[in-house]
Amino acid sequence: MSRRGELSPEDRRLWARVSGSAAPHKVRKPLLAATTADPPARPSAGPKPAVSGQPRPPQPVPLAPRPDPAPAHPRTRGAPEALEPRRQRRLSRERDPIDARIDLHGYGRFQAQDALTAFLLRAQARGHGAVLVITGQGRRGGSGVIRASVHEWLTATALRGVVSGYAPAARRHGGEGALYVTLRRG
């Protein structure tokens with residue numbers, strides 16, 4: 001900083017970058033202050049006898065405690081699973097055919113999700129058994145946005161009836177930047 005209160009162009013650029021990546025804080029509902037409400041009435045020692053001609057108000061019925069919900073099963077029914085090693089080996093050696101391929105290079109995250117969903121639905125409608133999805137490895141060896149998101153997309157509700165399993169592709173098919181995806185019979 002050059003002077004007090006003035007930012008240099010580099011400081012402004014850094015501040016814009018930091019403030020652009022910050023998310024707003026969640027606003028919590030304020031708690032009601034006990035001082036604003038009237039003090040609670042003291043509970044009586046027991047029910048008062050009904051005065052003749054006046055019905056007694058209904059007494060609240062204590063609720064039975066709720067049973068603990070069953071623990072969530074780690075795999076929901078119908079979710080895609082990892083490919084069996086034998087099936088993955090057959091795909092990598094091309095003993096089982098790879099019926100179609102899609103390359104998601106150059107797509108934005110949301111465009112890639114839409115393209116992948118449409119591709120997999122078309123492939124299932126055409127009766128394909130296995131497809132190759134090329135995501136790329138990301139820039140500078142990073143995970144890449146599409147590569148990091150594709151597992152979530154394949155397990156999403158929209159594709160549960162389509163995808164039966166997926167696994168990383170062999171090196172000659174794209175390695176870490178590609179996936180074999182097997183499809184359910186339509």
Side-chain angles (χ1 to χ4, degrees), residues 1-37 69 71-76 78-83 85 88 91-92 94 98-126 128 130-184:
M1 288 179 42
S2 56
R3 280 195 232 165
R4 186 178 181 146
E6 292 183 25
L7 298 175
S8 68
E10 182 181 352
D11 289 338
R12 284 190 194 129
R13 182 182 58 80
L14 286 172
W15 177 250
R17 188 172 177 190
V18 168
S19 63
S21 67
H25 230 353
K26 279 189 170 181
V27 179
R28 293 184 179 178
K29 292 182 181 179
L31 297 174
L32 294 177
T35 58
T36 60
H73 203 272
R75 273 220 175 280
T76 51
E81 299 175 355
L83 287 182
Q88 185 176 357
L91 285 168
S92 68
E94 295 184 12
I98 296 173
D99 299 317
R101 301 166 196 262
I102 184 171
D103 189 347
L104 299 175
H105 284 102
Y107 286 99
R109 179 179 182 190
F110 300 109
Q111 294 169 330
Q113 183 178 10
D114 293 342
L116 178 64
T117 302
F119 169 76
L120 292 174
L121 290 171
R122 274 193 318 269
Q124 184 190 33
R126 292 179 182 158
H128 295 319
V131 296
L132 182 67
V133 176
I134 302 167
T135 61
Q137 293 189 2
R139 293 188 177 156
R140 295 182 216 109
S143 65
V145 175
I146 295 172
R147 182 177 164 206
S149 302
V150 76
H151 299 288
E152 180 184 327
W153 299 342
L154 292 174
T155 57
T157 309
L159 292 176
R160 282 201 181 151
V162 178
V163 177
S164 67
Y166 58 92
R171 188 171 185 181
R172 67 181 177 162
H173 289 137
E176 297 279 323
L179 293 169
Y180 298 125
V181 179
T182 56
L183 305 175
R184 298 184 194 275

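Note that this is a predicted model, so its numbers are computed, not measured.
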Item to check | Set of side-chain contact (heavy atoms from CB on, under 4.5 Å) partners for Glu176, sequence neighbours left out | outcome: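 With sequence neighbours excluded, Glu176 shows a side-chain contact (heavy atoms from CB on, under 4.5 Å) to Gln137, Arg147, given in chain and number order.
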
Item to check | Set of side-chain contact (heavy atoms from CB on, under 4.5 Å) partners for Asp114, sequence neighbours left out | outcome: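 Once residues adjacent in sequence are excluded, Asp114 has no partner under the side-chain contact (heavy atoms from CB on, under 4.5 Å) criterion.
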
With side chains defined as the heavy atoms from C-beta onward, is the minimum distance between [X] and [Y] less than 4.5 Å?
{"X": "Leu91", "Y": "His173", "answer": "no"}
{"X": "Arg171", "Y": "Ser92", "answer": "no"}
{"X": "Tyr180", "Y": "Val133", "answer": "no"}
{"X": "Val181", "Y": "Leu120", "answer": "yes"}
{"X": "Leu179", "Y": "Leu132", "answer": "no"}
{"X": "Thr117", "Y": "Trp153", "answer": "no"}

Does the [X] side chain pair with the main chain of [Y], one donor and one acceptor, at a distance under 3.5 Å?
{"X": "Gln88", "Y": "Pro168", "result": "yes"}
{"X": "Thr135", "Y": "Ile146", "result": "no"}
{"X": "Arg184", "Y": "Arg160", "result": "yes"}

To the closest 0.5 Å, what do you measure between [atom1] ([X]) and [atom2] ([Y])?
{"X": "Gln113", "Y": "Leu116", "atom1": "CD", "atom2": "CG", "answer": "8.0 Å"}
{"X": "Leu159", "Y": "Gln124", "atom1": "CG", "atom2": "CD", "answer": "9.5 Å"}
{"X": "Arg126", "Y": "Leu183", "atom1": "CZ", "atom2": "CG", "answer": "12.0 Å"}

Checklist entry - Which pair of heavy atoms, one from Ala112 and one from Leu104, lies closest together, and at what distance? => result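 Reported closest heavy-atom pair: O-CD2, 4.1 Å.
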
Item to check | More than 12 heavy atoms of other groups within 6.0 Å of Phe119 CZ | outcome: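 Enclosed: over 12 neighbouring heavy atoms sit under 6.0 Å from CZ of Phe119.
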
Checklist entry - What residues form a salt bridge (charged side-chain N to carboxylate O under 4.0 Å, His left out) with Glu94, not counting sequence neighbours? => result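 Glu94 satisfies salt bridge (charged side-chain N to carboxylate O under 4.0 Å, His left out) with no residue once adjacent residues are dropped.
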
Checklist entry - With Arg109, which residues qualify under side-chain hydrogen bond (donor to acceptor under 3.5 Å, both in side chains), at least two apart? => result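 side-chain hydrogen bond (donor to acceptor under 3.5 Å, both in side chains) list for Arg109, sorted by chain: Ser149.
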
Next on the checklist: Using the side-chain hydrogen bond (donor to acceptor under 3.5 Å, both in side chains) criterion, which residues pair with Ser164? Sequence neighbours excluded.
Outcome noted: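 side-chain hydrogen bond (donor to acceptor under 3.5 Å, both in side chains) list for Ser164, sorted by chain: Thr182.
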
Item to check | Qualifying residues under ring-ring contact (aromatic ring centres under 6.0 Å, His included), relative to His105, sequence neighbours excluded | outcome: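 If we apply the ring-ring contact (aromatic ring centres under 6.0 Å, His included) test to His105, skipping adjacent residues, there are no hits.
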
